[in-house]
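What follows is a short report on a single structure.
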Protein chains: 2
Amino acid sequence: MKETKKRTFTCGLDAAIAVMGGKWKGLILFALQDGPLRFGEVRRAVPGISERVLILQLREMEATGLLHREVYHQVPPKVEYSLTEFGDSLNAAMAPLGEWGEEHIERIEAIPWNEVG
Amino acid sequence: MKETKKRTFTCGLDAAIAVMGGKWKGLILFALQDGPLRFGEVRRAVPGISERVLILQLREMEATGLLHREVYHQVPPKVEYSLTEFGDSLNAAMAPLGEWGEEHIERIEAIPWNEVG
DNA sequence: GCCCATACTGACATTTATGTGGGTACCCGG
DNA sequence: CCGGGTACCCACATAAATGTCAGTATGGGC
């Protein structure tokens, strides 16, 4: 008896943040901006992510309609992930954020992160 | 013996996401965009956040240099939070994300979030 | 003396996110 | 029959984020 409970959001930014989820989805989206990638390619494109977490993220992003999963019935298996239009539009909306990060990266890296939290 | 360990980031987006932290900092930034707010005002401007979490977020954002904390020595106490230039620039970079969320809010709310995770 | 309002602090519980190490399935070539 | 290569799945462990609830300090007004 799973209910498909709908969330409500206080504003657009709230909704966008919910879609981005944790710290990985944005990077995965970013990695896929230049075209489809196989599972292993995505993993290499997102340094530091564990296999299991990547799978979870990809599944969630597929469920939210951000990306498309194409399975090729081959051996060894081949699965390609690509952005949907929805995912592409989110990617575009995140671009300024990426630029902001680039511009301020030195300052951000200089933050004593262990003392912050 | 706290070490001020610096993180490194794979790209600007990675860094920006780290600064935004969880699901609240973006909304707090957004709430402060029109000028300083007192603690209680921020809380009312960010529906759903608990007092404790708000305090933690504000402290972290102060530590990362996103906002400024001004204490007025009065009784009852008065503390005003305002964006720094740094915070303001991040806010500007998040604007497109907010707009994206607005545009797609119906679709986002229709996502069966309980089945996603 | 007591209560008010405000901005906290602290102990604790829970939920969510992330990570680790293993195993599975497939077909092929050796 | 065995190992290679790929994309997974599973049980489990930990870390990080968030939430609940009670309590504190202050000085003015009653």
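Per chain, numbering begins at 1; letters A, B, ... match sequence-line order.
Between B:Trp113 and A:Phe9, the two ring planes are perpendicular [angle over 60°; tilted spans 30° to 60°].
Picking from C:dA7, C:dG19, D:dC8 the nucleotide with the shortest atom distance to the side chain of A:Ile55 gives D:dC8. When the nucleotides D:dG5, C:dG19, C:dC8 are ranked by their closest atom to the side chain of A:Trp24, C:dG19 comes out on top.
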Task: Check against ring-ring contact (aromatic ring centres under 6.0 Å, His included), B:Tyr81 and B:His68 - done: CA-CA 6 Å; B:Tyr81 294 91; B:His68 171 72; 9.1 Å; no
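Distances shorter than 4.0 Å separate none of the side-chain N or O atoms of B:Arg44 from OP1 or OP2 on C:dT6.
Regarding A:Arg43, its CZ atom lies at a distance of 14 Å from the C1' atom of C:dG19, rounded to whole Å.
Heavy atoms from other residues, nucleotides or ligands lying under 6.0 Å from CZ of B:Phe30 number 12 at most.
Within the nucleic acid shown, B:Glu41 has no heavy atom closer than 4.0 Å to any nucleic acid atom. The residue B:Arg38 sits close only to the backbone: its heavy atoms come under 4.0 Å of sugar-phosphate atoms, none of a base. Among the heavy atoms of the strands, none lies under 4.0 Å from B:Glu80. At the heavy-atom level, A:Tyr81 lies under 4.0 Å from the strands shown only through sugar-phosphate atoms. Contact annotation for B:Arg69: backbone-only contact, meaning every heavy-atom pair under 4.0 Å involves sugar-phosphate atoms and none involves a base.
Residues from residues 25-37 of chain B that place a heavy atom under 4.0 Å from any atom of DNA chain D: there are none.
Residue whose closest nucleotide on DNA chain D sits further toward the 5' end, between A:Pro76 and A:Arg59: A:Pro76.
Side-chain to base pairing of B:Glu51 with C:dC8: one donor and one acceptor N or O lie within less than 3.5 Å of each other. A donor-acceptor contact under 3.5 angstrom links the side-chain atoms of A:Arg52 to the base of C:dT18.
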